[in-house]
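Written below as structure tokens is the structure these notes are about.
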Amino acid sequence: MPTFTQLLSPLDLGFTTLKNRVLMGSMHTGLEEAPDGPERMAAFYAERAKGGVGLIVTGGIAPNAAGRIYEDAAMLADESDIPRHLPITQAVHDAGGKICLQILHAGRYAYHTASVAPSAIASPITPFTPHALSVEEIASTIADFAKTAKLAQSAGYDGVEIMGSEGYLINQFLCSHVNQRDDEWGGDASRRQRIAVEISKAVRAAVGPNFIVIFRLSLLDLVQDGGTLPEAIILAQALEAAGVSLINTGIGWHEARIPTIAAAVPRGGFSWVTRKLKDHVSIPLIAVNRINTPEIAEHILASGDADMVSLARPLLADPDFVNKAAAKNSHLINTCIACNQACLDHVFEGKAASCLVNPRACRETEFPQTAKTQQAKRIAVIGAGPAGLSCATAAASRGHKVTLFEASDAIGGQFGIAQRIPGKEEFTETLRYYRNQLDYLGVNVKLNHVAKALELAGEFDEIVIASGVKPRVPNIDGITHPSVVSYPALLRGEVKPGKKIAIIGAGGIGVDTAVFLSETHSELSPTDNFIRDWGIDASMKSAGSLAKPAMQPSGREIWLLKRSKGKPGSGPGKTTGWIHRATLQLRGVNLLGSVEYLKIDDAGLHIKQNNEEICLEVDQIVLCAGQESVTTLWDELSASGAPVHRIGGALLAGEVDAKRAIAEGFNLAMGF
Ligand SMILES: Cc1cc2nc3c(=O)[nH]c(=O)nc-3n(C[C@H](O)[C@H](O)[C@H](O)COP(=O)(O)OP(=O)(O)OC[C@H]3O[C@@H](n4cnc5c(N)ncnc54)[C@H](O)[C@@H]3O)c2cc1C
Ligand SMILES: Cc1cc2nc3c(=O)[nH]c(=O)nc-3n(C[C@H](O)[C@H](O)[C@H](O)COP(=O)(O)O)c2cc1C
Ligand code: SF4
């Protein structure tokens, strides 16, 4: 069993000591604005503090109205805002933790008409042109940061994090692309950096010496005319002199077209960036992004890339991450799979964040950990896909006696197929987690067992049908031709990929199949491969650290086809869809929309597009044309009046994804 000596060692900041090297990275969850937000955030953060995190950073809170990301986003701008924060700091301290408030001024990323920026240049991701701050307004903005820091101190926080990266206001001042001022706040690098230093000095002056001040510094901008490493080093030294206690790393502006947190980023794939600052400052440095296991965290610290690691989403996925690592139970950690589906996607949709693999996240008050059942029931769950796994483990954790039936020889269902897609290898961790949970909770798992109505009715108090989905076979002339294969057969390795391949259906699974087929083997390490593929200048000397992307072609000719118009890949993952589309474009996959399928024969796939008939001379046709619910058992049992429930793909095939399947399984089990 690994021991995590570096990860679990204390960090002495002089005036205070952090109990270990794990920082819970800032996440604006949407609870900040909810009427019952204080109570819910108190429970959310306290659980993470109890779980052993060394230092928590809250989601970004604006220092003034212009800096709010949305018009109704939370601020800490005067005394009247303090009461919303008191329950949070109290609960975290009661749980033995420490917590900092992040001060985030959105600048031109604000989604409202009162947005401000160094210059009046709209961002590509918001529809509003910001107002260029006057010199007086810059002075009052700096004062507002200091005031918020002081208010945070009064609210009981242990420190603040100044958000200086990811393309928000401070970062905007640093970059000549969006700071085109010619006064003392723009022009050369030192004038562009001035606001970052002045804010840090003002914050330190406001809070005194014994208060944590973290600065989140953008080390990789990944945008045109962004900063360089030499500039970042100078700024980091100035921040240290201004009284900053720790420097956290920022990677990539939100408008950057290189993945920075999605699954395409290898584990720990940016710690080398933090390392570049290591010999230039003496305050501790924090590495970030995709550090999702204690093993990778320990490796980063042991190799000297950083002094602390930031884990944001991994602590949504598992509040007990640190305690499990400390108890040598890292195999029991519910690992973040970097899907963004229930965290970042939710925030973008204006919903509270949660977690695909942990639907309890941000709902801790609704489902207290102590919610054991008073009356243990005998529960049968049919199907060990995500819906069934979630339901079986949640019900067992509440004290019910659960039997899980699975027709195949392994748990996972469609999720087990998904883990074979490059970039979805993390899904394996979810199945590992469930396997260990089933074992730990004593669920009676019956593999290779096709459950029948007769053996269920009368034997169980509740029967849960989680029998999932099967691929839909479209009605095309020649569909039984030997060149036609189903996506499960291809992805499971039961048939070999062809050379020239047409994929029918460009939803989430079609896109994944195209990613699978266009992937090439690389001799490089995952991180070096990622850097080359996406075009990052690893010397960090060029503006924004951009280089030319160099994805390697696979040697296969691939067509991804869809009947409707528009972009392919409208599957799960609003914040990740662009990554799949960019990947396919860089790999030369042909994307065709508005396609009518005519027939399949020895010549290939005959289609009609824009009134033109074309024969795609392919040797393989992969069907990714949607799914149908598997409902045989449901139909029989519900007709018999048995106590039966239906979840996941068995309930609704068209729109099911693992997020919905897992949440439905969990919600149902909480009601038993
Ligand atoms: C390539 C691919 C990529 C994907 N990517 C994502 C993604 O990125 N994000 C996301 O959220 N979702 C993704 N999905 C979709 C996700 O995997 C499914 O939505 C999810 O698995 C549905 O879960 P389920 O439990 O309802 O059904 P299933 O996963 O279909 O599981 C049903 C299980 O029930 C078993 N079963 C059926 N009948 C019986 C019976 N009578 N007795 C016993 N056992 C039975 C089956 O053998 C199967 O194991 C992907 C799917 C694929 C194929
Ligand atoms: C839902 C969500 C909200 C976030 N909000 C913030 C924020 O308010 N401030 C910030 O600096 N970073 C924010 N981030 C970025 C995280 O701090 C972190 O950099 C990112 O999630 C990658 O780290 P991880 O792989 O450990 O999650 C947010 C991330 C997520 C998923
Ligand atoms: S929703 Fe996905 S990315 Fe977000 S925390 Fe959960 S597993 Fe990680």
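None of the values given here were measured: they were computed from a predicted structure. All values below come from the heavy atoms of this structure, side chains included, with hydrogens, waters and symmetry mates left out.
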- Separation between SG of C343 and CE of M27, rounded to the nearest 0.5 Å: 7.5 Å
- For D188, does the CG atom sit with more than 12 other heavy atoms under 6.0 Å from it, leaving out its own atoms? yes
- Note on the structure: Smallest heavy-atom separation, L546 atom then D537 atom, equals O-CB, 3.8 Å
- Query: Are a donor atom and an acceptor atom from the side chains of S176 and D225 found within less than 3.5 Å of each other?
  - Reply: no
- Task: Would you please name every residue forming a side-chain contact (heavy atoms from CB on, under 4.5 Å) with T126, sequence neighbours left out?
- Result: Y111, S123
- Task: Could you go through the side-chain contact (heavy atoms from CB on, under 4.5 Å) check for E557 and K499 one step at a time?
- Result: CA-CA 6 Å; E557 215 171 330; K499 276 269 171 215; over 6 Å; no
- Query: Hey, is the main chain of V213 close enough, under 3.5 Å, to the side chain of S245 for a donor-acceptor pair?
  - Reply: yes
- Take atom NE2 of H254 as the centre, draw a 6.0 Å sphere, and report whether it contains more than 12 heavy atoms from other residues, nucleotides or ligands. yes
- Could you please spell out the steps behind the side-chain contact (heavy atoms from CB on, under 4.5 Å) verdict for N334 and F321? CA-CA 8 Å; N334 195 0; F321 184 103; over 6 Å; no
- Look at atom CZ of F348 and say whether more than 12 heavy atoms of other residues, nucleotides or ligands are closer to it than 6.0 Å. no
- Query: Going from OH on Y433 to OG1 on T335, what distance comes out if it is rounded to the nearest 0.5 angstrom?
  - Reply: 9.5 Å
- Verify, without hydrogens or angle tests, whether R181 (side chain) and P118 (backbone) share a donor-acceptor contact under 3.5 angstrom. yes
- Query: Looking at residues at least two apart in the chain, or sitting in another chain, which of them share a side-chain contact (heavy atoms from CB on, under 4.5 Å) with H280?
  - Reply: I233, Q237
- Query: Residues in side-chain contact (heavy atoms from CB on, under 4.5 Å) with R420, at least two apart?
  - Reply: R492
- State which residues pass salt bridge (charged side-chain N to carboxylate O under 4.0 Å, His left out) with R194; sequence neighbours excluded, sorted by chain then number. none
- Message: I need the full list of side chain to side chain donor-acceptor pair (under 3.5 Å) pairs touching residues 259-268, with sequence neighbours left out, sorted by first then second residue.
- Response: R267-N292, R267-E426, R267-E429
- Query: For Q341 and H346, which heavy atoms make the closest approach, and how far apart are they?
  - Reply: O-CD2, 3.5 Å
What pairs of donor and acceptor atoms, side-chain ones from residues 504-513 against any protein atom, are under 3.5 angstrom apart with sequence neighbours left out?
| from | atom 1 | to | atom 2 | distance (Å) |
| --- | --- | --- | --- | --- |
| D512 | OD1 | K424 | NZ | 3.4 |
| D512 | OD2 | K424 | NZ | 2.7 |
| T513 | OG1 | I509 | O | 2.8 |

- Side chains of T428 and Q419, donor plus acceptor under 3.5 Å: yes
- Can you check side-chain contact (heavy atoms from CB on, under 4.5 Å) on T228 and K541, steps first, answer last? CA-CA 5 Å; T228 62; K541 290 192 178 133; 5.8 Å; no
- Task: Find the distance between NZ (K659) and CG (N340) and round it off to the nearest 0.5 Å.
- Result: 11.5 Å
- Sequence-distant partners of D528, side chain to side chain donor-acceptor pair (under 3.5 Å), two or more places apart: S525
- Message: Could you check whether any side-chain heavy atom of E161 comes within less than 4.5 Å of a side-chain heavy atom of N248, counting everything from C-beta outward?
- Response: yes
- Item | Any pair counted as salt bridge (Lys or Arg N to Asp or Glu O under 4.0 Å), so long as it reaches residues 272-287, sequence neighbours left out | R275-D305, K278-D307
- Task: Name all pairs fulfilling the salt bridge (Lys or Arg N to Asp or Glu O under 4.0 Å) condition that reach into residues 105-126, sequence neighbours left out, sorted by first residue then second.
- Result: R108-E255
- Message: I need the full list of salt bridge (Lys or Arg N to Asp or Glu O under 4.0 Å) pairs touching residues 117-130, with sequence neighbours left out, sorted by first then second residue.
- Response: none
- Measure the shortest side-chain to side-chain distance between L356 and D657 over non-hydrogen atoms and say whether it is less than 4.5 angstrom. no
- Task: Quick one: list whatever passes side-chain contact (heavy atoms from CB on, under 4.5 Å) with E295, sequence neighbours left out.
- Result: P2, F4, T293, S330
- Message: I need the full list of salt bridge (Lys or Arg N to Asp or Glu O under 4.0 Å) pairs touching residues 229-238, with sequence neighbours left out, sorted by first then second residue.
- Response: none
- Query: So, for I337 and T430, which heavy atoms are closest and what is the spacing to 0.1 Å?
  - Reply: CG2-OG1, 3.2 Å
- Value rounded to 0.5 Å, distance of OH in Y45 from CD1 in I99: 6.0 Å
- Task: Can you label the angle between the Y168 ring and the Y109 ring as parallel, tilted or perpendicular, going by 30° and 60°?
- Result: perpendicular
- Task: Apply side-chain contact (heavy atoms from CB on, under 4.5 Å) to F215 and M163, showing your working.
- Result: CA-CA 6 Å; F215 191 96; M163 181 41 163; over 6 Å; no
